[in-house]
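Worksheet: one structure, shown below.
Since this is a predicted model, take the numbers as computed values, not measurements.
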Amino acid sequence: MIRSMQATDIPDVLALLHWMDAAPEREVFAPDSRDPRELHLECEEGLCLVEEDDDGVRAYCALSPFRDGLVLEGPIAENAGSEGGSMKALLGRAVQHTDGQPVYAFSARDNLPVRAALEKAGFAPLHSTAFYSAPLAQISRGARVPDGMRTTDSLPIAEYRALYRAAEDAWAGRLDWTPEQYAAHFADDTVRLVALWRGNHPVGFAELEFSPDDARADVTYLAVHPAERGQGLGRVLLALAAAEAQSHPELRTLRVRAHDHLHSARTLYARMGFTHCRSMVTYLLDGDEEA
């Protein structure tokens, strides 16, 4: 039976989340919370569905607001089988509540049961994203601001938008941030910016998010203006970002990412000694097509 999630289902949903956590190939976009109270609050923000049988909850998925539409959490199900098993019916119920909005989903590249179920439900793969990691000390070695340049820990919103737009990033939703949203984002203690300037012109930046519980810093975005490429500034920014993260003793690892078409970024990471650690596939259910 498929129904809305209830507070009494939280132990079973947490068990599914921990089962997913136990193997990288099972990963999907899912709630961050692993605490019953926080999970309950998080699941109140959107539509949460479970499938149960006589043994309890066997599968979970949810829909939450995201970008220009919705994001799918899950589906997560043990013993789903190679073709998606019980997840198909759960996904079918979830897409009935999209109201014609586009729905994004994120699955580990090797999570074949979930990928099969998503594609059966009409989701189409957009691109894959590879993640790489390396020790902070290795990447920060030799961090130095090039002669004639300087760094700052902030950028005016207009300069940030201009670099973001020039770098052709797919995260275009940030271009619509209000000044208040922009200020709030960088006021977060877990967010850092390392901006590189030549005179009065910013030429690139590295944006970081810290995950102290995982002893990790993530480069959430690396931008170098197209006119400044080919000078090794990506390497410079990564080294400076690693040095910034290394100033926080609880952090040990730097993680970066690149979409499948960003061959130059992948080459840079390999040359700097990053190791591939995981790959995720982004899916989209187009609201217009579904309607």
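In terms of heavy atoms, Val114 sits closest to Ser107 at CG1-OG, 3.7 Å. In terms of heavy-atom proximity, Ala134 sits nearest to Gly273 at CB-O, 4.1 Å. Nearest approach of Pro65 to Val71, heavy atoms of both residues: O-CG1, 4.3 Å.
Using a 4.5 Å heavy-atom cutoff, the side chains of Tyr269 and Leu238 are in contact. Here the side chains of Leu17 and Leu39 are in contact, with some heavy-atom distance below 4.5 Å. Leu268 is listed as a side-chain neighbour of Arg235, based on a closest heavy-atom distance under 4.5 Å. You'll find the side chain of Met272 reaches within 4.5 Å of the side chain of Ile139, heavy atoms only. Side-chain contact check for Leu90 versus Arg93: every heavy-atom pair is 4.5 Å or farther apart. In this structure, the side chains of Arg3 and Val50 come closer than 4.5 Å at one or more pairs of heavy atoms.
Annotation: the span from Phe186 atom CZ to Asp153 atom CG amounts to 10.5 Å, rounded to 0.5 Å. Distance CG/Leu16 to SG/Cys61: 11.5 Å, rounded to 0.5 Å. With rounding to the nearest 0.5 angstrom, the CD atom of Glu159 is 9.5 Å from the CG atom of Asn200. How far CG of Asp189 is from CZ of Phe210: 10.0 Å, rounded to the nearest 0.5 Å. The structure places NE2 of His248 at 10.5 Å from CG of Leu136, a figure rounded to the nearest 0.5 Å. Distance OG1/Thr253 to CZ/Arg255: 10.0 Å, rounded to 0.5 Å.
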- Item | Audit row: Gln246, Ser140, side-chain hydrogen bond (donor to acceptor under 3.5 Å, both in side chains) steps and yes/no | CA-CA 8 Å; Gln246 200 174 11; Ser140 66; 2.5 Å; yes
- Could you walk me through whether Tyr132 and Phe274 pass the ring pair (Phe, Tyr, Trp, His ring centres under 6.0 Å) test, one step at a time? CA-CA 6 Å; Tyr132 305 82; Phe274 285 92; 7.4 Å; no
- Apply side-chain contact (heavy atoms from CB on, under 4.5 Å) to the pair Ser279 and Ser128, showing each step before the final yes or no. CA-CA 7 Å; Ser279 290; Ser128 65; 5.5 Å; no
- Query: Between Thr152 and Trp197, does a side-chain hydrogen bond (donor to acceptor under 3.5 Å, both in side chains) hold up when you go through it step by step?
  - Reply: CA-CA 8 Å; Thr152 61; Trp197 298 69; 2.8 Å; yes
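Screening residues 223-245 for ring-ring contact (aromatic ring centres under 6.0 Å, His included), with sequence neighbours left out, gives no hits.
Val224 and Leu193 sit in two unconnected hydrophobic clusters of ILVMFWY residues. Membership requires side-chain heavy atoms under 4.5 Å apart, directly or through other members.
Under the salt bridge (charged side-chain N to carboxylate O under 4.0 Å, His left out) criterion, Arg58 pairs with Asp53, sequence neighbours left out.
Using cut-offs of 30° and 60° on the angle between ring planes, the pair Tyr164 and Phe205 is parallel. Ring geometry, Phe123 versus Tyr283: the interplanar angle exceeds 60°, so the pair is classed perpendicular (tilted spans 30 to 60°). Between Phe29 and Phe106, the ring-plane angle classifies as tilted under the 30° and 60° cut-offs. Between His127 and His259, the ring planes are tilted. Angles from 30° to 60° get that label. Relative orientation of the His185 and Trp177 rings is tilted, given thresholds of 30° and 60° on the angle between their planes.
A salt bridge links Arg144 with Asp147: the closest approach of a Lys/Arg side-chain nitrogen to an acidic carboxylate oxygen falls below 4.0 angstrom. A salt bridge between Arg266 and Asp260 is absent, with no side-chain N of the basic residue lying under 4.0 Å from a carboxylate O of the acidic one. Using a 4.0 Å cut-off between a side-chain N of Lys or Arg and a carboxylate O of Asp or Glu, Asp176 and Arg161 do not qualify as a salt bridge. A salt bridge links Arg198 with Glu228: the distance from a Lys NZ or Arg NE/NH1/NH2 to an Asp or Glu carboxylate oxygen falls below 4.0 Å. Ion pairing between Arg192 and Glu207 fails under the 4.0 Å rule for side-chain N and carboxylate O.
Put simply, the residue from Leu196, Val236, Leu163, Leu237 that forms a side chain to side chain contact (heavy atoms under 4.5 Å, CB included) with Val203 is Leu196. With Leu208 as the partner, the side chain to side chain contact (heavy atoms under 4.5 Å, CB included) test is satisfied by one option alone out of Val191, Asp218, Leu254: Leu254.
Without hydrogens or angle criteria, Asn111 side chain to Arg26 main chain gives a donor-acceptor distance under 3.5 Å.
A cation-pi arrangement is present between Arg278 and Phe131 under the rule of less than 6.0 angstrom and at most 45 degrees off the ring axis.
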